[in-house]
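Values reported hereafter were calculated over all heavy atoms of this structure, with side chains retained and with hydrogens, waters and symmetry mates removed. Numbered from 1 within each chain, the chains take letters A, B, ... in sequence-line order.
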There are 2 protein chains.
Amino acid sequence: MDSLKVLKGLEKKRSLSTIEKILAFTTGSVTEILEAYLEGPVEVRTIRQEVAKAGDLAKDLDVEKTDDVNFREVEIIDEEDNVQIYARSWTPIKRLAPAFREDLMKADVPIGKLLAKHKIESRRELLDVKLDDEDRIKRTYNIIRNGEILMRIEEKFEKL
Amino acid sequence: MDSLKVLKGLEKKRSLSTIEKILAFTTGSVTEILEAYLEGPVEVRTIRQEVAKAGDLAKDLDVEKTDDVNFREVEIIDEEDNVQIYARSWTPIKRLAPAFREDLMKADVPIGKLLAKHKIESRRELLDVKLDDEDRIKRTYNIIRNGEILMRIEEKFEKL
């Protein structure tokens with residue numbers, strides 16, 4: 001993905017703030033950037049959490065249709081309880097170490113902090129950045145580990 | 001490192017801009033963030049590049065004193081040829097795959113882009129963030145791969 005080209009395309013539709021531009025294209029932890037920007041901690045509020053068969057997502061995640069996938073839908077909220085980011089993630093269960101899996105499924109912890117806590121070495125591959133029908137930035141990326149998709153993530157940013 | 005505590009400490013000394021706060025504490029690619037912020041490409045200008053024995057750095061890099069370390073000193077410059085970041089890196093040669101080593105030693109390419117190009121899975125561990133004697137943010141971090149220090153990096157940001 002040519003980030004600068006995509007950024008210029010987005011800015012033809014509406015101008016983006018500094019923090020929006022950065023969050024849209026970073027391949028680092030969004031939580032860390034958001035916390036530094038807000039100068040305060042953010043929290044995760046889980047909306048939905050479930051395990052289901054990969055089904056139609058199998059191809060995207062490079063797993064079998066019958067493989068279990070953990071789906072997590074969360075809001076990232078600031079200290080004043082404002083929703084800053086809405087995020088969904090899909091994680092093939094078979095690629096999770098037990099301790100990481102437990103944290104992911106039980107605790108309201110942002111993904112970036114989970115990766116740091118479990119010292120997971122990975123890289124992020126940005127797939128798509130666009131504006132949704134409410135003019136929010138919506139992006140999709142994969143977290144890759146051991147050459148496999150550990151997690152597919154989709155994020156929507158409230159206008160920051 | 002408690003990033004928010006360190007950030008609050010820095011802001012007692014001087015106020016930081018949004019981009020400074022983000023660059024200071026991100027564990028993602030600084031180049032990507034800088035390019036999105038500037039809305040234009042940045043380039044690396046190599047000041048110095050040499051291979052020397054680890055010596056006194058052996059402990060920091062967790063290698064033998066007699067191991068070879070690649071030292072690189074660069075400026076990251078924007079399209080108008082302004083220096084935005086000054087960076088130094090130390091990389092134990094024995095931890096580099098030949099293709100990555102060649103790119104690192106021969107090409108004027110930012111580290112974040114090299115890691116992406118070579119699909120290197122890693123994590124970054126922030127060691128220190130402070131203001132230097134010219135009031136610039138100076139930070140030090142390790143890039144960890146296979147549980148070992150692939151690279152120690154020190155960056156100073158021009159006031160952005």
With a 4.5 angstrom heavy-atom cut-off, could you sort out which part of B:L23 is near chain A: side chain, backbone, both or neither?
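It is neither, since no heavy atom gets under 4.5 Å.
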Tell me whether the count of non-hydrogen atoms from other residues, nucleotides or ligands lying under 6.0 Å of [atom1] in [X] goes above 12.
X      : atom1 : result
A:R136 : CZ    : yes
B:D2   : CG    : yes
B:D108 : CG    : yes
A:E43  : CD    : no
B:K94  : NZ    : yes

Please tell me whether [X] and [Y] are part of a single hydrophobic cluster in this structure, the criterion being side-chain heavy atoms less than 4.5 Å apart.
X      : Y      : answer
B:F157 : B:L127 : no
A:M105 : A:I149 : no
B:I22  : B:L126 : yes
A:I111 : A:V109 : yes
B:I120 : B:V30  : yes

Which bit of [X] is near chain B, if near means a heavy-atom gap under 4.5 Å: side chain, backbone, both or neither?
X      : value
A:K119 : both
A:L16  : neither
A:L7   : side chain

So which atom in B:T26 and which in A:E32 form the shortest heavy-atom distance, rounded to 0.1 Å?
C-OE1, 4.0 Å
Listed by residue number, which members of residues 60-80 of chain A have a heavy atom under 4.5 Å from any heavy atom of chain B?
none
What residue, out of [options], has the most heavy-atom pairs lying under 4.5 Å from chain B?
options                   : value
A:L34, A:N146, A:I19      : A:N146
A:E125, A:K8, A:E11       : A:E11
A:A36, A:S3, A:G28, A:S29 : A:A36

Quick one, A:L115 and B:R123 - any side-chain contact, counting heavy atoms below 4.5 Å?
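In short, these two side chains do not touch, never coming nearer than 4.5 Å.
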For a side-chain contact (heavy atoms from CB on, under 4.5 Å) check, start with the C-alpha distance between B:I33 and A:I33, then their side-chain angles and the critical distance, and finish with the verdict.
CA-CA 10 Å; B:I33 291 174; A:I33 290 175; 4.0 Å; yes
Any sub-3.5 Å donor-acceptor pair from B:E121's side-chain atoms to A:G147's backbone N or O?
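Looks like yes, one N/O pair under 3.5 Å.
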